[in-house]
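Take this structure first; my questions come after.
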Number of protein chains: 2
Amino acid sequence: MAVRPGLTAERLVRAGAELADEVGFEHVTVSELARRFDVKVASLYSHVRNSHDLKTRIALLALDELADRASDAVAGRAGRDALTAFADAYRAYAVEHPGRYTAARFPLDPQTAAASAGPRHARMSRAILRGYDLPEPAETHAVRLLGSVFHGFVSLETAGGFSHSAPPAAETWPWILDALDALLRDAPASHRPIKADPS
Amino acid sequence: MAVRPGLTAERLVRAGAELADEVGFEHVTVSELARRFDVKVASLYSHVRNSHDLKTRIALLALDELADRASDAVAGRAGRDALTAFADAYRAYAVEHPGRYTAARFPLDPQTAAASAGPRHARMSRAILRGYDLPEPAETHAVRLLGSVFHGFVSLETAGGFSHSAPPAAETWPWILDALDALLRDAPASHRPIKADPS
DNA sequence: TGCATCCGCCTAACACTTTTAGGCAAATGA
DNA sequence: TCATTTGCCTAAAAGTGTTAGGCGGATGCA
């Protein structure tokens, strides 16, 4: 009543991201956000089109932050160092910001995805892999392998998938990075294409 | 009015799984399920505790089906054949049943998880890896690597993450399996643990 | 066959989230 | 100072989740 909260799309999105980290992205709700700003729900609809729009914006924020972190981590490094730094940045972000990390996986429509930091992620992967000197299409395959391993590991870890057996996930992570590095160094030699010959 | 629908927890869960494949697991709703059975919403609550319970049961069904498929695929195979069959079964299930596959990732409380087919999956991974003769703890690391790669790839693929660039994901998949096989065969030799020495 | 019980689905009601339409008052700027 | 814009409001409707309690047909027993 006295002072207006001063809502803004940016402030809402930022608060939404924090909310996601606290309660999980799937529980981010327009109502809860309004509650946190001590404002009526309908007021948010002047700044955000709808719930889906809000989630999309949180996703874009997360993708941006993640790309920034990864970019900082990789700067000035190459080869195995770059790979490790990239991977660690990725995993650290997911551990520190599980809600945002989930948000980064929110399905975006093609145009939004193209305008997001998604392509930056892909370019960074490629830049790192350039140090391994893979011929196409192996480099593309490798980009996808890295994406799969990082995302797979991190999402299984944050879902608690590794927490009920020894050794701790923190020990598996460097082992995997080591293995990936070795794999990529030897990839050209070891790559024998699989024939899908039905007869 | 005339004939009772004959609701059952099992029938609800099975219909819920189909619904998940049609509209996505996140859009599976008690109301929609009631609509499909032409029954009032409250009626479902005699058979299922609540929405969370329903989703949990769908998750358990999916985990079971997936384990059955993987088990069938692996039967009678070993080494690289087993690895490929296992991985293909995994990916095929996700492609055919995207909603169920997502359901299989639904977070379960520890007791439910322990009673689920989750442990079966882990045992199958281990059984396959036995063919590669890895020393502990490498075998555990490798179990996690396989889980990460398979889950990561499949979830990125079904999210459309690979659909906007060439070559098609179907070509990357065998490349990755090939790489994993090579990696596991050489793993003992190439494994140089990473020192996390802070001083 | 008749009766009591139980089970399965129902109605009713409440709480919560999402979304739209329209209003009022504070901030802005000429 | 006043007109306009902006920002948050009230009101209301639709959808989902959940609980409480009721009714009638099916079932079991004498």
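Each chain gets a letter, A, B and so on, in the order its sequence line appears, and its residues count up from 1. These values consider heavy atoms only, across backbone and side chains, with no hydrogens, waters or symmetry-generated copies.
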Per atom distances to the A:Ser43 side chain, the nearest of C:dC10, C:dT17, D:dC8 is D:dC8
Rounded to whole Å, CG of B:Leu54 lies from C1' of D:dT16 at a distance of 13 Å
Could you tell me how far apart B:Leu7 (CG) and C:dC9 (P) are, to the nearest whole angstrom?
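Atom-to-atom, B:Leu7 to C:dC9, this comes out as 4 Å.
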Taken to the nearest whole Å, CG/B:Leu44 to C1'/C:dC10 is 12 Å
Just to confirm, is there a sub-4.0 Å distance from OP1 or OP2 of D:dG17 to any side-chain nitrogen or oxygen of B:Thr29?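 True: B:Thr29 side-chain N/O within range (under 4.0 Å) of D:dG17 OP1/OP2.
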Side-chain contact check for A:Lys40: nearest option of D:dC9, C:dC10, C:dT18 is D:dC9
- Grab the two heavy atoms, one from A:Thr29 and one from A:Leu19, that are nearest each other, plus how far apart they are.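 For A:Thr29 and A:Leu19, the tightest heavy-atom pair comes out as N-CD2, 4.3 Å.
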A:Leu12 CG to D:dC8 P, in whole Å, measures 9 Å
Practice item. Applying side-chain contact (heavy atoms from CB on, under 4.5 Å), run through A:His27 and A:Glu22 and close with a yes or a no. Key: CA-CA 9 Å; A:His27 296 123; A:Glu22 290 172 31; over 6 Å; no
Of all the choices, C:dC9, C:dT18, C:dT11, which nucleotide is nearest to the side chain of A:Val30 once you look at every atom?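 Taking heavy atoms from C-beta onward, the closest nucleotide is C:dT18.
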Worksheet entry | A:Val41 side chain, from C-beta outward: closest of D:dC9, C:dT18, D:dT16 |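 In terms of side-chain proximity for A:Val41, the closest of D:dC9, C:dT18, D:dT16 is C:dT18.
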Inset, instruction - Give the minimum heavy-atom separation between A:Thr158 and A:Ala94, together with the two atoms involved. - result: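 So the minimum-distance heavy-atom pair works out to CG2-O, 4.1 Å.
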For this session: Using a cut-off of strictly less than 4.0 Å, decide whether B:Arg35 has a side-chain nitrogen or oxygen near OP1 or OP2 of D:dG15.
Result: no
query: B:His47 side chain N/O closer than 4.0 Å to the phosphate oxygens (OP1, OP2) of C:dC7?
result: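 False: B:His47 side-chain N/O out of range (4.0 Å or more) of C:dC7 OP1/OP2.
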(Q) Can you tell me if B:His52 touches the phosphate of D:dG17, counting only side-chain N or O atoms and a distance under 4.0 Å to OP1 or OP2? (A)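 Answer is no, no contact under 4.0 Å.
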Between CD of A:Glu26 and P of D:dT16 the distance, given in whole Å, is 20 Å
Checking D:dG17, D:dT10, D:dC8 against the side chain of B:Tyr45 (C-beta onward), the nearest is D:dG17
Review point. Hey, which of B:Leu83, B:Leu145, B:Val143 is the one that makes side-chain contact (heavy atoms from CB on, under 4.5 Å) with B:Ser125?
Key: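 Exactly one candidate clears the test, B:Val143.
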Item to complete: Using the side-chain contact (heavy atoms from CB on, under 4.5 Å) rule, pick out the option among B:Leu33, B:Asp21, B:Ile58 that qualifies with B:Val28.
Response: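 Option passing the side-chain contact (heavy atoms from CB on, under 4.5 Å) with B:Val28: B:Ile58.
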Please state how far atom CG in A:Asp53 lies from atom P in C:dT17, giving the value in whole angstrom units.
->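 Distance check: A:Asp53 CG to C:dT17 P gives 19 Å.
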Review point. Which one, D:dG17, C:dT11, D:dC9, comes nearest to the side chain of B:Ser51?
Key: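 So the nucleotide nearest the side chain must be D:dG17.
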- Task: Would you kindly give the CZ-to-C1' distance between B:Phe37 and C:dG8, to the nearest whole Å?
- Result: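 One finds 14 Å between C1' of C:dG8 and CZ of B:Phe37, rounded.
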**Euclidean distance, atom CG of residue A:Leu33 to atom C1' of C:dT18 [Å, nearest integer]** =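 Those two atoms, CG and C1', are 14 Å apart.
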